[in-house]
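First up is the structure itself, then whatever we jot down about it.
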Amino acid sequence: MINLIESRSPHAPADLVASFPAAGEAGVQTAVRLAQAVQHDWSSRNAAARAAALARAADAVEGAADELAALVVREVGKPVTEARGEVARSVSILRYYAQQVFDPAGAVHEPSGPGLSFTRRRPRGVAGLITPWNFPLAIPLWKAAPALAFGNTVVLKPAPQALACALRLAELVNLNELQVVAGDAEEGAALVKAADVVSFTGSASVGALVREAAVRRGVPVQTEMGGQNAAIVLPDANLEAAAAQIAAAAMGFAGQKCTATKRIITVGNGDEVREAVLAAVARLGLGDPSDPGTAVGPLIDEAARDRVVDAAASAAGAGGRVLTGGRIPGGVAGDGGRAGWYVEPTVVDGLPADHPLACEEVFGPICVIQDATSVDDAVALANGVRQGLASAVYTSDLDRALDLSARLDTGLVRVNAPTTGVDFYLPFGGEKDSSYGGREQGKAAQDFYTSIRTVTIGPAG
Ligand code: NAD
């Protein structure tokens, strides 16, 4: 029996966007063998040839920008303004790594005797990339572009919900050195068993499986997972600006970003923060993601939508207050009346810090407000979860900003900036359970996709 991988539009679930036979374990092994077969040739081409190939890919993606943005909107329900931004970022990622091939590939060292000692970077081989659906172009590219730039070949296993985006992207990149395999857990696990280096982004539970399997084989692995990201609002913050950023970071793209704000921590200013945040949330447009006025579109599927509704109900059952949202809205159905997977942006307060909604990621437009009694208490609350991806601090006091940026246990600390927002030229990753195995993006990617060989040459005579 053929196992089909299908994706459907979250706005109009009757709209089947992609349907493709799953590769199966054998299909993954074949793809890895093909990638191995061309890897030596790819890595032995000079750097300028690899740069030119990546630059051509950037031009092709840029030329298809409108089509790609529309596909992202349709397949994963990302609001069109954000979808366009993701396409632009994808082009930038390709151009950035096209230039990085010219970075030094090693260093010359003093030899211990006569002769020469130097180091040289070499590619690891076939990179197995396993990606989520929420950044269906940017995440595959922020892994594939550096992998290719530094001489690896790539087998990409995208999330089933974003299959059409990945297949179209690969067509545009148009390199034999990048192959896409359709599939889900079986194919992902098969790729981890066969690749020479593994990069995964997705949920914490799957990330743990991927990490264990790769470590058992002894291949380099990085896993980027979820966050429970806090925004601390100090009394000296510009409250209006902070509230607008927090609302967008918690609810934009229906909260489906690993860096979305999940907790808002107040410090003696709880009433004002509640009022400003609720007003900012109420201003966000909820509805059809193809409408440029929309900030909050649908969730990826029915189960994701139900998790948000259930989380709000469970918070209310545990003594929390649902300050806004928690319900399925009327009037935003796609597909001529068959509802898309929408839920109202939801803000909850009054929960103990160990309530699941305060410490486990619910991947949707829902966040909690927590009241701290002091700055130290706010830092303790922010750090008191297992995740450590991103945090935000809102203050006009530079000393406070520097102090907190040193004390928060997150890979990204953003002062007077939202927890969301990632710059492709800076290292990206988290602490604690959010990440494992080295940073992605920026210059950090070179370390992951290459190993260093130390060469010592003595005199012949
Ligand atoms: P997911 O973990 O369900 O799936 C991720 C990928 O893993 C998919 O391609 C899936 O098919 C594959 N997979 C599933 N089971 C597997 C297995 N047993 N072995 C190997 N691969 C397997 O995640 P998702 O729902 O696609 O994405 C949402 C999650 O991703 C959220 O938790 C979010 O926080 C996280 N995320 C993290 C970052 C980051 O950079 N830290 C960025 C975006 C999303």
Side-chain angles (χ1 to χ4, degrees), residues 4-13 15-23 31 54 57-94 128-145 147-148 154-175 178-184 187-188 191 199-203 224 252-254 256-258 288-290 294 297-301 304 334 340-341 363 422 424 440:
L4 284 180
I5 300 296
E6 294 188 339
S7 73
R8 290 179 175 276
S9 173
H11 171 66
D15 175 13
L16 181 65
V17 183
S19 176
F20 216 76
L54 290 174
D59 291 344
V61 171
E62 191 171 46
D66 290 344
E67 174 210 332
L68 282 173
L71 185 58
V72 170
V73 171
R74 179 176 168 217
E75 191 170 43
V76 304
K78 181 167 290 197
V80 62
T81 311
E82 289 205 44
R84 287 194 188 119
E86 181 171 348
V87 176
R89 190 192 335 175
S90 301
V91 175
S92 300
I93 290 168
L94 284 162
L129 311 181
I130 302 172
T131 53
W133 50 266
N134 63 339
F135 287 86
L137 306 174
I139 294 182
L141 281 178
W142 85 44
K143 297 178 189 296
L148 291 164
V154 169
V155 177
L156 167 66
K157 210 298 292 160
Q161 301 92 327
L163 181 58
C165 286
L167 291 171
R168 183 69 185 119
L169 183 65
E171 257 172 28
L172 289 163
V173 169
N174 191 23
L175 287 173
L178 167 66
Q179 293 177 64
V180 175
V181 288
D184 197 359
E187 289 74 14
L191 187 53
S199 181
F200 166 90
T201 298
S203 60
E224 289 295 340
F253 186 26
Q256 301 171 111
K257 299 175 191 169
C258 53
D288 185 338
S290 64
T294 292
L299 278 90
I300 190 70
D301 57 25
W341 310 124
F363 212 51
V422 171
F424 59 87
E440 294 199 88

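FYI, side chains are in, hydrogens and waters are out, and symmetry mates aren't considered; it's all heavy atoms of this structure. All values derive from a computational prediction rather than experimental measurement.
- For residues 158-167, no residue pair satisfies the side chain to side chain donor-acceptor pair (under 3.5 Å) rule, not counting sequence neighbours.
- Partners of W142 under the ring pair (Phe, Tyr, Trp, His ring centres under 6.0 Å) rule, at least two apart in sequence or in another chain, are F428.
- For T201, the side chain to side chain donor-acceptor pair (under 3.5 Å) partners are K143, not counting sequence neighbours.
- Residue pairs meeting the salt bridge (Lys or Arg N to Asp or Glu O under 4.0 Å) criterion with at least one member in residues 160-174, sequence neighbours excluded: E67-R168, R168-E171.
- With sequence neighbours excluded, the residues satisfying side-chain contact (heavy atoms from CB on, under 4.5 Å) with A147 are A127, N152, V154, Y449.
- By the side chain to side chain donor-acceptor pair (under 3.5 Å) test, T131 pairs with no residue at all, sequence neighbours left out.
- Counting heavy atoms from C-beta outward, V422 and R89 have side chains that approach closer than 4.5 Å.
- The nearest pair of heavy atoms linking E75 to A18 is OE2-CB, 4.1 Å.
- L191 CG to L156 CG: the interatomic distance, rounded to the nearest 0.5 Å, is 8.5 Å.
- S290 pairs by the side chain to side chain donor-acceptor pair (under 3.5 Å) definition with D288, not counting sequence neighbours.
- Remark: side-chain polar atoms of R74 are not paired, donor with acceptor, to backbone N or O of S9 under 3.5 angstrom.
- Judged as a side-chain contact (heavy atoms from CB on, under 4.5 Å), and not counting sequence neighbours, the contacts of A69 are A83, R84, V87.
- In this structure the side chain of L129 never reaches within 4.5 angstrom of the side chain of P140, judged on heavy atoms.
- Residues that satisfy the side-chain contact (heavy atoms from CB on, under 4.5 Å) test with L4, not counting sequence neighbours, are I2, E6, S19, P21.
- A donor-acceptor pair under 3.5 Å is formed between the side chain of E187 and the backbone N or O of D184.
- Listed by chain and number, the residues in a ring pair (Phe, Tyr, Trp, His ring centres under 6.0 Å) with F363 are W133 (sequence neighbours excluded).
- In this structure, the salt bridge (Lys or Arg N to Asp or Glu O under 4.0 Å) partners of D59, at least two apart in sequence or on a different chain, are R95.
- The two residues A60 and L172 have their closest heavy-atom pair at CB-O, 3.4 Å.
- A144 and L178 make their closest contact through CB-CD1, 4.4 Å (heavy atoms, listed as atom of the first residue, atom of the second, distance).
- Shown here are the salt bridge (Lys or Arg N to Asp or Glu O under 4.0 Å) partners of K78, two or more places apart in sequence or in another chain: E86.
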